[in-house]
K.L.:
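Sharing a structure below in structure tokens format, with a few things to ask.
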Amino acid sequence: MKQLLSLLLLLPVLLKAQQPMLIPQPEQMEVRQGSFTISKNTKIILQGSGLEKSARFLRDYLEKIHGISLQVKQGGNAGKGNIVLNYEKQEYRLPGAYRLDVSNDAIYIAGDNGEGCFYGVQTLIQLLPFRKGPQLAVPAVAITDKPRFAYRGMHLDVSRHFFPVSFIKKYIDFIAMYKMNSFHWHLTDDQGWRIEIKKYPRLTQVGGYRNGTIIGRYPGKGNDGIRYGGYYTQEEIKEVVKYAADRYITVLPEIEMPGHASAAIAAYPQLSCFPEEATRHPSQTAWNGDSTGKKVQQSWGVFPDVFAPTEYTFEFLQNVLDEVIQLFPGKYIHIGGDECPKDNWKRSAFCQQLIKEKGLKDEHGLQSYFIRRIEQYLNKKGRQIIGWDEILEGGLAPNATVMSWRGEKGGIEAARQQHQVIMTPGGWMYFDHTQDKNEDSVTIGGYTTIQKVYSYEPVPKELNEAESNYILGAQANLWTEYIKNTAKVEYMIFPRMSALSEVLWSRKEKRSWPDFEKRLGNEFSRYDWLKRNYSKAFFNTVNQ
Ligand code: TNX
């Protein structure tokens with residue numbers, strides 16, 4: 001009797017121990033008795049049309065990771081022993097709501113729409129044991145779930161260091177696994193132009209390569225003297241965009257202007273206010289090779305040679321954007337706008353004349369004029385611009401969306417001006433920052449632990465309810481000055497990305513660090529199982 005009593009007392013603990021460890025935490029989850037077994041006889045049955053992407057993803061995943069090949073069947077009777085994908089209208093304001101029901105007899109996933117079904121599949125995948133078939137037991141659960149924010153993004157800088165298409169696809173899979181839906185591809189910067197533009201082949205032939213890179217943390221201990229570069233062909237870009245779309249992920253391309261333009265200027269010097277002047281580099285940094293004429297930069301930071309606001313430049317950028325639009329079907333094009341020093345504009349007679357002619361206040365007004373012109377052009381083509389928060393300087397372009405990176409100030413201001421905002425403040429959302437007090441390789445600095453990422457609230461308390469509606473969501477940025485290989489990319493994003501996913505997906509009231517922490521151990525086992533590189537800094541920071 002006594003034993004039975006203690007067993008009964010223990011029961012809630014035992015049951016709790018069986019609670020599936022999902023990230024992000026779903027809206028509602030009821031754990032039931034028993035489990036469903038996936039084996040080679042299980043079929044994936046599609047009861048609604050347009051669910052092929054989800055079915056294909058699940059089939060491929062089970063085959064690749066768990067070694068079980070399932071058949072996909074369109075329509076027909078579900079019967080027992082199968083995985084059924086369907087729709088069930090939930091009329092939620094954002095795409096992505098779903099219901100997942102695992103019983104002893106069947107697995108049923110119903111999406112409010114295609115995205116919803118896809119996210120149901122992602123949850124099912126997280127319920128799978130970390131082993132190969134022939135049989136996989138899935139715990140019986142009933143889950144209903146939906147996203148909190150419309151924009152759930154990850155950024156990757158491929159200019160400072162270049163990553164092949166195969167890895168970009170992997171990165172997109174990481175985004176999908178965490179129920180995120182935007183991939184911000186930072187394609188151009190001072191250190192390399194990475195997107196093929198047919199009309200301007202020198203952009204990649206010349207702008208895609210630098211003659212060396214500084215060694216170690218800026219200003220560096222010398223220069224490695226190695227020619228470095230690469231770019232994506234338009235065919236490859238299309239392949240990536242399709243791969244992402246199959247996972248309900250929109251690719252947001254970034255073409256930087258008017259600053260961070262050294263690579264483009266190296267290819268087409270007339271884009272500069274001073275085409276005859278050689279590219280300057282900070283005197284503390286070491287340079288490799290020829291230093292005459294315009295060159296792609298070899299160190300990091302902000303450089304004064306920016307686009308001249310001439311008709312030549314506007315025509316050039318419009319032609320570039322025409323090709324970009326063809327490749328990226330999403331509504332938004334990111335045009336940068338950040339860190340544009342005004343030195344050259346100040347000493348250029350042309351710029352000073354333009355400021356007068358257009359009745360602009362100063363060089364900030366000129367930056368605003370630049371961005372507005374590009375916005376007008378893209379709006380006419382049915383697209384919207386996104387820019388870093390510097391686009392607020394000198395007045396915001398009428399329809400622009402702002403990415404707030406220098407803290408939250410820019411985002412707050414833009415929301416108050418009734419502009420849409422994506423939050424990416426440095427202190428929380430910069431995954432290039434150190435996450436361990438003793439990193440064993442160089443990082444850019446900062447200190448952003450997983451706890452800090454988890455604590456981030458994208459809607460600033462300064463905003464009232466109406467203003468809050470302008471916060472579309474948030475994004476973490478991965479700048480790659482000090483990230484030379486894919487293993488380090490994974491190390492920098494894992495496990496911090498798991499925390500971000502919960503910030504973006506789960507209801508605010510659902511978020512709890514102690515609870516998240518309990519699920520992290522399981523996430524590390526998942527990374528091990530999937531052979532992903534990740535930081536173990538969490539174990540050093542737990543008691544801080
Ligand atoms: C600022 S964030 C930049 C990038 C750097 C990054 C390093 C932003 C819009 N510009 O060019 O890579 O800091 O953290």
Side-chain angles (χ1 to χ4, degrees), residues 153-163 182 184-194 210 213-214 216-220 252-265 281-282 285 296-307 332-342 367 370-371 385-393 396 400-411 413-414 421-435 439 441-448 452-453 474-484 488-489 492-493 496:
M154 279 299 291
H155 152 289
L156 181 66
D157 165 13
V158 295
S159 172
R160 276 58 177 267
H161 285 100
F162 179 74
F163 306 98
S182 296
H184 175 171
W185 207 0
H186 184 80
L187 288 162
T188 73
D189 215 303
D190 297 298
Q191 299 80 6
W193 182 284
R194 308 275 176 238
R210 58 179 182 257
T213 306
I214 57 161
R217 182 179 277 123
Y218 186 92
L252 170 66
E254 181 178 353
I255 307 295
E256 275 266 20
M257 62 189 81
H260 287 291
S262 306
I265 289 173
H281 65 275
T285 64
V296 178
Q297 290 291 352
Q298 301 177 13
S299 71
W300 322 122
V302 175
F303 303 92
D305 206 0
V306 302
F307 286 137
Y332 296 107
I333 304 288
H334 201 305
I335 47 82
D338 62 310
E339 299 179 322
C340 178
K342 308 294 184 289
Q367 153 119 355
F370 197 113
I371 303 291
I385 64 160
I386 300 186
W388 300 108
D389 57 52
E390 284 92 332
I391 66 169
L392 281 151
E393 291 167 5
L396 211 43
T401 297
V402 172
M403 266 191 187
S404 189
W405 73 279
R406 295 174 305 173
E408 298 187 294
K409 229 177 88 246
E413 204 181 313
V421 173
I422 294 157
M423 285 295 191
T424 67
W428 293 268
M429 295 284 114
Y430 269 44
F431 286 4
D432 56 341
H433 284 185
T434 293
Q435 55 193 318
E439 292 288 2
S441 68
V442 178
T443 73
I444 203 156
Y447 184 52
T448 303
K452 184 134 191 241
V453 174
Q475 170 178 289
N477 297 334
L478 196 68
W479 301 101
T480 58
E481 288 93 333
Y482 302 103
I483 303 175
K484 293 184 191 162
K488 184 140 177 204
V489 171
M492 298 306 275
I493 62 173
R496 288 186 286 196

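Because the structure is a prediction, the values reported are computed rather than measured. Just follow the structure's listing: the first ligand is 1, and inside any ligand the first atom is 1.
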K.L.:
Please determine, by modelled atom types, if Gln297 and His281 share a side-chain donor-acceptor pair under 3.5 angstrom.
P.N.:
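Not at all, the side chains of Gln297 and His281 share no donor-acceptor pair under 3.5 Å.
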
K.L.:
Considering non-hydrogen atoms of the protein only, which is the closest contact for atom 13 (O) of ligand 1, and what is the distance?
P.N.:
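In this structure, atom 13 (O) of ligand 1 has Trp405 CZ3, 4.1 Å as its nearest protein heavy atom.
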
K.L.:
Ignoring hydrogens and geometry beyond distance, is a side-chain donor-acceptor pair present between Gln298 and Arg210 at under 3.5 Å?
P.N.:
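On atom types as modelled, these side chains do not qualify, holding no pair under 3.5 Å.
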
K.L.:
Given His155, Glu339, Arg406, which one has a non-hydrogen atom that is nearest to atom 3 (C) of ligand 1?
P.N.:
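When every heavy atom of His155, Glu339, Arg406 is considered, Glu339 comes closest to atom 3 (C) of ligand 1.
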
K.L.:
What do you reckon, does Met403 put a non-hydrogen atom under 4.0 Å from ligand 1?
P.N.:
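For ligand 1, residue contact (heavy atoms, under 4.0 Å) with Met403 is absent.
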
K.L.:
For atom 9 (C) of ligand 1, which of Asp190, Asp338, Ile444 has the closest heavy atom?
P.N.:
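Among Asp190, Asp338, Ile444, the closest heavy atom to atom 9 (C) of ligand 1 comes from Asp338.
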
K.L.:
Given Glu481, His334, Glu390, identify the one with the heavy atom nearest to atom 5 (C) of ligand 1.
P.N.:
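Looking at heavy atoms only, Glu481 sits closest to atom 5 (C) of ligand 1.
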
K.L.:
Does Ile255 reach the side chain of Trp193, with side-chain heavy atoms less than 4.5 Å apart?
P.N.:
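The answer is yes; the side chains approach within 4.5 Å.
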
K.L.:
Would you mind reporting whether His155 and Met429 have side-chain heavy atoms less than 4.5 Å apart?
P.N.:
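Side chain of Met429 against side chain of His155, heavy atoms only: no contact under 4.5 Å found.
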
K.L.:
State the atoms of ligand 1, each with its element, that fall below the 4.0 Å cut-off from a heavy-atom position in His260.
P.N.:
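What qualifies from ligand 1 is 11 (O).
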
K.L.:
Within the 4.0 Å heavy-atom shell around Tyr430, which atoms of ligand 1 are there?
P.N.:
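Matching atoms, with element in brackets: 2 (S), 8 (C), 14 (O).
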
K.L.:
Tell me the contacting part of Asp432 for ligand 1: side chain, backbone, both, or neither, using a 4.0 Å heavy-atom threshold, strictly below.
P.N.:
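Side chain only.
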
K.L.:
Answer yes or no: does atom NZ of Lys342 have more than 12 heavy-atom neighbours from other residues, nucleotides or ligands under 6.0 Å?
P.N.:
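Check passes, neighbour count above 12.
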
K.L.:
Are His186 and Trp388 close enough that their ring centers fall under 6.0 Å?
P.N.:
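For His186 and Trp388, the ring centres are not under 6.0 Å apart.
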
K.L.:
Around atom 11 (O) of ligand 1, find the nearest protein heavy atom and jot down its residue, atom name and distance.
P.N.:
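The protein heavy atom lying closest is Arg160 NH2, 3.0 Å.
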
K.L.:
Could you check whether any side-chain heavy atom of Thr401 comes within less than 4.5 Å of a side-chain heavy atom of Met403, counting everything from C-beta outward?
P.N.:
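With C-beta onward as the side chain, the pair stays apart.
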
